[in-house]
Amino acid sequence: MMEKYNHQKVEQHWQVEWEKRKVFSTDTDLKRNKYFIMEMFPYPSGRIHMGHVRNYALGDLVARYKKMMGLNVLHPMGWDAFGLPAENAARKEKSAPAKWTYSNISVMRNQLKSMGLSIDWDREIATCHPEYYKHEQRFFIELYKEGLAYKKESMVNWDPIDQTVLANEQVIDGKGWRSGAKVEQKNLSQWFLKTSAYSEELLSDLETLDKWPEKVKLMQTNWIGKSEGVEIYFKIKKSDMLSSEKIKVFTTRQDTIYGATFCAISCDHPIAKEISKSSSRVKNFIEKINKIKFTNDDEEKLGVDTGVEVFHPFKENKTIPVFIANFVLMEYGSGAIFGCPAHDQRDLDFAIKYKLDVIPVVRPNSLKEEEFKIKNEAYTEDGLLINSDFLNGMTVVDAKKAVSEKLCGSGSANLKINYKLRDWGISRQRYWGCPIPVVYREDGEIVPENIENLPIILPENIDFTGKGNPLDKNEEWKKTKCPITGMSAKRETDTFDTFFESSWYFLRYCSPRFKDPFDYDSIKYWMPVDQYIGGIEHAILHLLYSRFFTKALRDLKYFQFSEPFSGLFTQGMVTHQTYRSKEGVWLKPDDVYFDTAEKIYKKFDDRKDVELGRVEKMSKSKFNVVDPDSIIKKYGADTARWYMMSDSPPDRDLEWTESGIEGSFKFINKIWRLVVDINKGRKIAKKSRSNEDYHLLRSLNNYIEKITNNIEGFHFNKVIANIYELTSIAQKEYESKNLSEESLSVFVNAYVKLIHPIIPHISEEIWKLFGNKGMVIEQRWPEKISLDSVNEKVLVKLAIQINGKTRSVIEVDSNISKEKAENIAMKNSKVQKYAGSKKIKKVIYVPNKILNFVL
RNA sequence: GGGCGUGUGGUGGAAUGGUAGACACGGUAGACUCAAAAUCUACUCGGUGCAAGCCGGUGGAGGUUCAAAUCCUCUCACGCCUACCA
C-alpha cells in the first residue's frame, strides 16, 4: 500500500527549508533585470480571510514564475497597521492599540507563512512603527514648506454624545453608528494636501499606464473630472443689500447664454450669506436647507428668490433674477450657475417649480424650429442655435467658441478649466495614527517640527475610558516648546488619515531599514513596481493618493520617476452561497442541510425550509465566511492555492464551494500517486527513447507553450485546465505504453517546474523524490525539449465544411498543402453527398483549422 | 440620472471571426470491495433516430460574412461604480 501524501508534514518542511536557505532574500543586483511585484498589504485585523488568500496566491504565482524566468524578484510584505479597529478594541477589551496590533501581526504573519509565500520577510514593515512613520512626518514638513500642505476650515461629521469625529461610513441614516445620536456638521480647522495642484498631471499620466485595467483608469478620469468652460461675470443691478458688483458663474454651455432665465447660487456662497443678514426670508431658507441636508437625500429642488437681479451679458437692459438653490454646490466651480432650463434637466425642473421662463436656444438638426418644443425634458444633445441673435444657425461647438471670444474680449469672462478632484483632507481626530508634526505656539503661530526632532512618537500612557480623542486630553504629551524660539507650545493632536501610510510604503520596501526615507540607489534599481495586485475597491482613493505622493516626492527631489505602479491587476472577490430562514434571518452553512427527498435546503433544528440567498462576498454578518486557517490545516496550502486559481478568471469573482475545494484536494493527491508510481516504474523501464515515447514528449512541449502563454496573460484558470489535461495525458500514456526511463524523467522534471508557481510544496517534494539536487524554485522555467520527431508526423484535425457548416473532420499532416487537403476532402463521402454534382464556387482553407467548400 | 461591465449546459467557465460547451464541479452507470470510502472506466446541451446521422442551440430581434458566442444596429435582464459636478 502506497503511503498517502502528508501535506502537513511536507508543507511545513519546505517552508522551513525556504526560510533556512534564504531563497527569497533579495538585493540590488545591477547585472540582473529586476522584477518588483507586490500585493496590497493587509490591515492586521487579527486573522487572514479568503480575499487575502486569493490576493497572495495570485501574486505568489507570478513572483515564483518570474524568479524561475531568471529575474531578480522583489516580493515584500508589510502591515497597514494604523486605524480605527485598534482603538475600538482598546475601548472594548482594554488592550493598548499597539499591543493589540503587534499581536495580530504576529498571528497573521504565521498564517501567511503557512501559505508558503515567496516573501522576502527581511523587508517586512509595519506602518505603526516609529521607524516607519518618522519618514512621513518628514515628508509632511517638506510638503508644508513647499506649500503643498496647508490648513483650512472644513466640515466634519460630529457625534455629540461620543464627542468624536465620525468617518462617512460611521454615519448610518444620519446617525452615529455607536451612539445612535443625530450627527451634526461641525466646522474644524484641518490639514490638507494639495492634490489639486496635480490634477492635470494625474489625469494626463493615466495615458502612460498601459498595463493598468481600462476600468480603473476610467474611474480615476471621472473622479478627477476635468471640464473645460468659461467663467462669466454677471453684473448685479444696484442693490442696497449687497456690496458685491458681480456674480461669477462657471459653465461649459456658454452657447446657451441666450436661454438663461435665472441665476442660482449656493447656500454657502458669500453673496447668500450677505443677503441673509438683511433678509429674514433668505436666512430662514438657508437654515431650512442646512437642516434637511443630511436627513433628506432625495433630489427635490428648492430655492428662494433673493430679490437681487443681474444683467444678461448680451441682452442690453435685460435683467434676470438671482435665486439661492439647494442643488448648487459651493465646492464646485464658483458656487454659482446661470440657469438655462431648455437645455439642462436640473434647471428645467427648477424653472417649472418656480414658474420661470423656458427659452429654447438649440434645436435638433432633424426638426424645424416651429416643431421643436420643450416640455418636461431638457434637450441636451447637439444641434443648431436659435433665438440667439448673432449665434443663430451655428452649431453648438461654434457657438461656444463665439460666445467665449466675445465675452473674454470684453473682459466679462475668462476661459476656465475645472476639476472635480479636491484637496485631500488628512486630519483625523484619532489616537491610533501618525502624529502630525506641528506645534501651536502661545502667540498663535503654527510651526512645523525640526526634522532632527522626529519622530514625534505616540504616547503609550493613554486613557481610553473617556470620550473624544485621547491625545487631546493628554496634557503631558501635548505640552512642548517651539522648535525655533523655545516658546511654550502645544502639539497638534490630530493624526494622519491612514491612506497617508499606504501612499508610499512601496517605496520603503526598496530600502526598509535605511536611516533616511530612501536609499537613492535602491529606489532607482527597484522602482517602479512592475506588478501591483489588489482589490478593485482601491481603484480610486489609495491608487490616486499613491500616484499623487509619488509625484510630490519626485518634486521634493527624492527620485525622478512619476508613476509608482507600471502594472496593475485587480482581482475579484471571493463569494459564497448565503442561506436565510423564511423569516429572513441569515443562517450558517453548518445549520442547514440538503434534503435529497424534497430537493430543498432545510434547517437542522426545526426542519423548516431554507431559502437560498444570493451568492455574495464573504462577510461575517451574512455567516458565509470560510476561515483560511482551518482550510489550510485540513487540505493544505497547495490545495487552497490550487482552488484559488481554478475555475474563475482572476479578475472575476470566485465562488467558494465545498465540492470545489474537495476536488482540488483530490487532484493534489492524484498528482502524488501518479509521480510515486512513475518513480517506481522508471526504475524498471527501458533506458532510451523509442517511438512510443513521442506522444508524451510532444504533449509536454505543447503544454509548456500553453502554460507559459497563459501565465503571461494572467489566464490562471486556463493554466489549471492545462495542467489537468497534461496530467491526464501523462497518466494514460504511462499506463498504456512502455515508456523509457529517460523520457519519464524528462517529463517529470519539466512537469514539476510547471506546477511549482501554483503548488510549490508538492513540487519541491516531487523534485526530491526523483533524486534531484537543490530546489525547484532555484531552477529555470522549462523550455521545449528538442525532439527528433522526423519519424513521426504531426497530425492535426481539419474540419471539412460545406457552406460554413462542418460536415466532417479529417486527420492530416500539419503542414499539408491546400491542394492536397482538397484532394483528400473531395474523396470524403460527406463532401460527395452534399456537393454532389453542384459547382464549387470557392474554397476557403485555414491551415490546421478548416477547409470550407462554398457551393 | 450618468458611466462601466456581464449574459454560453444543472453549476463555475473554455472558445475573441474558423469543429460551441475545453477543463472542473455536480449527476448517471459500471469495475474494484463482504460493504463503504477512496480510486479507475464510460456517458452527461436539447430534440430525433436501432445506428451512422440529422435538426435546433451562446438573453431577445435584425444585419454584415463562405463562416458570428465573437463584428454592427436595436432591445431586454442583471451586476458594479458614481451621483444635483453646471
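Small disclaimer: the values here were computed from a predicted structure and weren't measured. Any value given below was found using the heavy atoms of this structure, including those in side chains, with hydrogens, waters and symmetry copies removed. Residue numbers start from 1 in every chain, and the chains themselves are labelled A, B, ... in the order their sequence lines are given, proteins ahead of strands.
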Do you know the tightest heavy-atom contact between A/Phe250 and A/Gly333?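 Minimum heavy-atom contact is CB-CA, 4.2 Å.
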Heavy-atom pair of closest approach, residues A/Asp653 and A/Ser648: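 For A/Asp653 and A/Ser648, the tightest heavy-atom pair comes out as O-OG, 3.2 Å.
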Would you mind building the protein contact string for nucleotides 16-27 of chain B? One character per nucleotide, 5' to 3', B for base within reach (heavy atoms under 4.0 Å), S for sugar-phosphate only, - for untouched. --BB--BSSSS-
What contact category does A/Val843 fall into here, base, sugar-phosphate, or nothing, at under 4.0 angstrom with non-hydrogen atoms?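 If one applies the 4.0 Å heavy-atom cut-off, A/Val843 turns out to touch nothing in the nucleic acid.
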With heavy atoms under 4.0 Å as the rule, sort A/Ser646 into base, sugar-phosphate or nothing.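 Answer is nothing: A/Ser646 stays at 4.0 Å or more from every strand.
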Which label fits A/Tyr635 and A/Phe665: parallel for a plane angle under 30°, tilted from 30 to 60°, or perpendicular past 60°?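 Because their plane-to-plane angle is over 60°, the rings of A/Tyr635 and A/Phe665 count as perpendicular.
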Can you tell me how the ring of A/Trp672 sits relative to the ring of A/Tyr5, calling it parallel under 30°, perpendicular over 60° and tilted otherwise?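 Correct class here is tilted.
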Please tell me which of A/Ile540 and A/Leu329 maps to the more 5' nucleotide of RNA chain B, matching each residue to the nucleotide holding its nearest heavy atom.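 Of the two residues, A/Ile540 wins.
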Pick the nucleotide of RNA chain B nearest each of A/Glu655 and A/Phe327; which residue has the one closer to the 5' end?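 Upstream on the strand: A/Glu655.
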Tell me whether the OP1 or OP2 atom of B/G3 has a side-chain N or O from A/Lys215 closer than 4.0 Å.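 No, A/Lys215 has no side-chain N/O under 4.0 Å of OP1/OP2 on B/G3.
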Side-chain N or O of A/Arg807 less than 4.0 angstrom from OP1 or OP2 on B/C55?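 Yes.
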RNA chain B contacts made by residues 706-715 of chain A, counting heavy atoms under 4.0 Å: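 Correct list: empty, so none.
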In whole angstroms, how far is the [atom2] atom of [N] from the [atom1] atom of [X]?
X: A/Ile247; N: B/A86; atom1: CD1; atom2: C1'; result: 15 Å
X: A/Asn222; N: B/C81; atom1: CG; atom2: P; result: 14 Å
X: A/Lys617; N: B/G79; atom1: NZ; atom2: C1'; result: 15 Å
X: A/Phe665; N: B/U39; atom1: CZ; atom2: P; result: 10 Å
X: A/Asp347; N: B/C85; atom1: CG; atom2: C1'; result: 13 Å
X: A/Asp349; N: B/A86; atom1: CG; atom2: C1'; result: 14 Å
X: A/Gln220; N: B/C81; atom1: CD; atom2: C1'; result: 13 Å
X: A/Tyr734; N: B/C40; atom1: OH; atom2: P; result: 15 Å

Less than 4.0 Å between a side-chain N and a carboxylate O, is that true for A/Glu207 and A/Lys217?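 Answer for the salt bridge query: no.
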With rounding to whole Å, what would you report as the distance between [N] and [M] at their [atom1] atoms?
N: B/C80; M: B/C71; atom1: C1'; result: 26 Å
N: B/G49; M: B/C32; atom1: P; result: 35 Å
N: B/A51; M: B/G5; atom1: P; result: 47 Å
N: B/A67; M: B/C74; atom1: P; result: 24 Å
N: B/G12; M: B/G56; atom1: P; result: 27 Å
N: B/A38; M: B/A29; atom1: P; result: 16 Å
N: B/U8; M: B/G3; atom1: C1'; result: 26 Å
N: B/A77; M: B/U41; atom1: C1'; result: 42 Å

Taking the side chain of [X] as its heavy atoms from C-beta onward, which of [options] lies nearest to it?
X: A/Thr252; options: B/G13, B/A86, B/U39; result: B/A86
X: A/Pro649; options: B/G13, B/G3, B/U39; result: B/G13
X: A/Lys805; options: B/C85, B/G13, B/G56; result: B/G56
X: A/Arg652; options: B/G13, B/C40, B/C4; result: B/G13

Contacts table for residues 802-812 of chain A: side-chain donor-acceptor under 3.5 angstrom, sequence neighbours left out:
| unit_1 | atom_1 | unit_2 | atom_2 | d |
| --- | --- | --- | --- | --- |
| A/Asn803 | OD1 | A/Leu855 | N | 2.9 |
| A/Thr806 | OG1 | A/Gln801 | NE2 | 3.4 |
| A/Arg807 | NH1 | A/Tyr834 | OH | 3.1 |
| A/Ser808 | OG | A/Asn828 | ND2 | 3.4 |

Is the distance between the ring centroids of A/Phe350 and A/Phe323 under 6.0 Å?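 Yes: the rings meet the under 6.0 Å criterion.
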Aromatic ring proximity A/Phe714/A/Phe716, centre distance under 6.0 Å: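 Yes; A/Phe716 has its ring centre under 6.0 Å from that of A/Phe714.
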Count the heavy atoms belonging to other residues, nucleotides or ligands that lie under 6.0 Å from NZ of A/Lys215, then report whether that count exceeds 12.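 Atom NZ in A/Lys215 is not crowded, with 12 or fewer foreign heavy atoms closer than 6.0 Å.
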Crowded around A/Lys353 NZ? As in, over 12 foreign heavy atoms under 6.0 Å?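 Buried by this count: over 12 neighbours within 6.0 Å.
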Anti or syn, where syn is a glycosidic angle within 90° of 0; which label fits B/G9?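 With its glycosidic angle within 90° of zero, B/G9 counts as syn.
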Consecutive Watson-Crick or G-U pairs in runs of at least 3, all under 3.5 Å, in which RNA chain B is involved: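 Only these stems qualify: B:1-7 with B:76-82, B:10-12 with B:23-25, B:26-31 with B:39-44, B:45-48 with B:53-56, B:59-63 with B:71-75.
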Suppose the criterion is side-chain hydrogen bond (donor to acceptor under 3.5 Å, both in side chains): which pairs have a residue in residues 845-855 of chain A, not counting sequence neighbours?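 Non-adjacent pairs meeting side-chain hydrogen bond (donor to acceptor under 3.5 Å, both in side chains): zero.
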Filter on side-chain hydrogen bond (donor to acceptor under 3.5 Å, both in side chains), then keep only pairs touching residues 712-726 of chain A, sequence neighbours left out; what's left?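 Passing the test, one end in residues 712-726 of chain A: A/Tyr65-A/Glu712, A/Trp642-A/Tyr724, A/Tyr703-A/Glu725, A/Asn710-A/Asn722.
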Please evaluate residues A/Met644 and A/Met50 with respect to the criterion side-chain contact (heavy atoms from CB on, under 4.5 Å), reporting the C-alpha separation (whole Å), side-chain torsions for both, the decisive distance (0.1 Å), and the verdict. CA-CA 9 Å; A/Met644 286 291 130; A/Met50 276 303 167; 3.7 Å; yes
Can a donor-acceptor pair under 3.5 Å be found between the side-chain atoms of A/Lys301 and the base atoms of B/C84?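 Pair found.
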Verify side-chain contact (heavy atoms from CB on, under 4.5 Å) between A/His7 and A/Thr639, making sure each step is shown before the conclusion. CA-CA 9 Å; A/His7 64 261; A/Thr639 297; over 6 Å; no
